[in-house]
Amino acid sequence: MYRALTAVFISLCIVSLLVGSDPVSWSGLLAGAEGDWLTLRASRLPRLIAIILTGMGLSVSGVILQQIVRNKFVEPETAGGLDAAKLGILVSLVLLPSAGVFSKMLTALLFCFVAGAIYILIVARIRFQQVVLIPVIGLMYGCVLSAAAEFYAYKYNLLQNVQGWLLGDFGRVVQGHYELLYVLIPVLVLSFVFAQRFTVVGMGAEMATSLGVGYRRTVALGLLLVSITVAATVITVGSIPFIGLVIPNLVALKYGEHLAKTLPLVALGGACLLLLCDICGRLLIYPFEVPIGLTAGAVGGIVFLLLILRGLR
């Protein structure tokens, strides 16, 4: 499976480098054409790196959240994480207008972490947890945060600009405007290092404690990694829903939930899915482009519905 998925990943990377409104050809690259190499270096390669890091980060974040909450339908979109990050960015725009991108990311990270902790506390207080109830609560919670963010944007006359800016879109990713996503590399490394602990946390607090795993510390670390991923992706490329839900569930259906073994597959699958959605978005109305937030939302929403119907049986 790893070989097949790696082959698909490499193929999608090659297609992603060549497809776009400004065509790049192999003949031009081999001939050393200045325009083709400039497009490749300044736009296509940064975009490819951003897509890969975002896809891997969001899919790994989704599986970490699912282990923490112990529900397969939870990911940053269905736990209020994306909406909390939006609210944090809006607050930083108003209160810290001269702050840099990194400061805005830290504000979004803080809001996302606090919102995630509150969501976990809410879920923990529910006595009878049905499989569909937890993501529904998360969606309602996210709607409240989204309404607060939109009200905040409306109050300070930022609504139109923010709605376009926060919609997931890799079209604005060029050299010099995506490097913040490199923060996801240590996040992914730490996720792999602590994969075994996250698997144990998914067994519950009592089981984790009996196996010598610090439950609260591991949950806090997982929330921190998820918050960093969400904040970095939202502030760089906007909101991209459901990537963290689709891939972990598809991998778990066939290979189980032992993260030490399946996490590389989850990360690679997330990158492949996001690459596929981005390529489709570039080809659907060529030479124009459909934002990745729309294509990923459509694909993820359909799969999410199918997974819920399967879980209700």
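For the single chain, residues carry numbers from 1 onward in sequence order.
- Residues satisfying the side-chain hydrogen bond (donor to acceptor under 3.5 Å, both in side chains) test with Tyr182, not counting sequence neighbours, are Tyr178.
- Here the closest heavy-atom approach between residue Ile64 and residue Gly222 is recorded as CG2-CA, 3.8 Å.
- For Phe192, the ring pair (Phe, Tyr, Trp, His ring centres under 6.0 Å) test picks out no residue, with sequence neighbours left out.
- Evaluation of the side-chain hydrogen bond (donor to acceptor under 3.5 Å, both in side chains) rule for Asp278 yields Arg47, Arg282 as partners, not counting sequence neighbours.
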Side chains of residues 259-267: which donor-acceptor partners sit under 3.5 Å, not counting sequence neighbours?
unit_1	atom_1	unit_2	atom_2	d
Thr262	OG1	His258	O	3.2

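- Not one N or O on the side chain of Glu77 forms a donor-acceptor pair closer than 3.5 Å with the backbone of Asp83.
- Gln67 meets the side-chain hydrogen bond (donor to acceptor under 3.5 Å, both in side chains) test with no other residue; sequence neighbours excluded.
- Side chain of Ser16 to backbone of Leu12: no donor-acceptor contact under 3.5 angstrom is found.
- A donor-acceptor pair under 3.5 Å is formed between the side chain of Thr233 and the backbone N or O of Val230.
- Remark: Leu17 pairs with Leu40, Arg44, Leu45, Leu48 by the side chain to side chain contact (heavy atoms under 4.5 Å, CB included) rule, at least two apart or across chains.
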Would you list the atom pairs, donor with acceptor, under 3.5 Å between side chains in residues 207-216 and any protein atom, with sequence neighbours excluded?
unit_1	atom_1	unit_2	atom_2	d
Thr209	OG1	Ala205	O	2.9
Ser210	OG	Glu206	O	3.3
Ser210	OG	Met207	O	2.7

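- For Ser61, the side-chain hydrogen bond (donor to acceptor under 3.5 Å, both in side chains) partners two or more places apart in sequence, or in a different chain, are Thr229.
- In this structure, the side chains of Leu184 and Met56 stay at 4.5 Å or more apart for every pair of heavy atoms.
- The two residues Ala271 and Ile52 make their nearest non-hydrogen contact at CB-O, 4.1 Å.
- Scored by the side chain to side chain contact (heavy atoms under 4.5 Å, CB included) test, Tyr119 finds Val69, Val74, Ala79, Val123, Ile134, Ile137, Tyr141 as partners (sequence neighbours excluded).
- Listed by chain and number, the residues in a side chain to side chain contact (heavy atoms under 4.5 Å, CB included) with Leu106 are Phe102 (sequence neighbours excluded).
- Of all heavy-atom pairs spanning Leu181 and Ala232, the tightest one is CD2-O, 3.8 Å.
- Side chain of Glu75 to main chain of Gly62: no donor-acceptor pair is present (N/O by atom type, distance under 3.5 Å, no hydrogens or angles).
- Screening residues 219-245 for ring pair (Phe, Tyr, Trp, His ring centres under 6.0 Å), with sequence neighbours left out, gives Phe242-Phe304.
- Contacts of Leu294 classified as side chain to side chain contact (heavy atoms under 4.5 Å, CB included), with partners at least two apart in sequence or in another chain: Leu167, Val290, Pro291.
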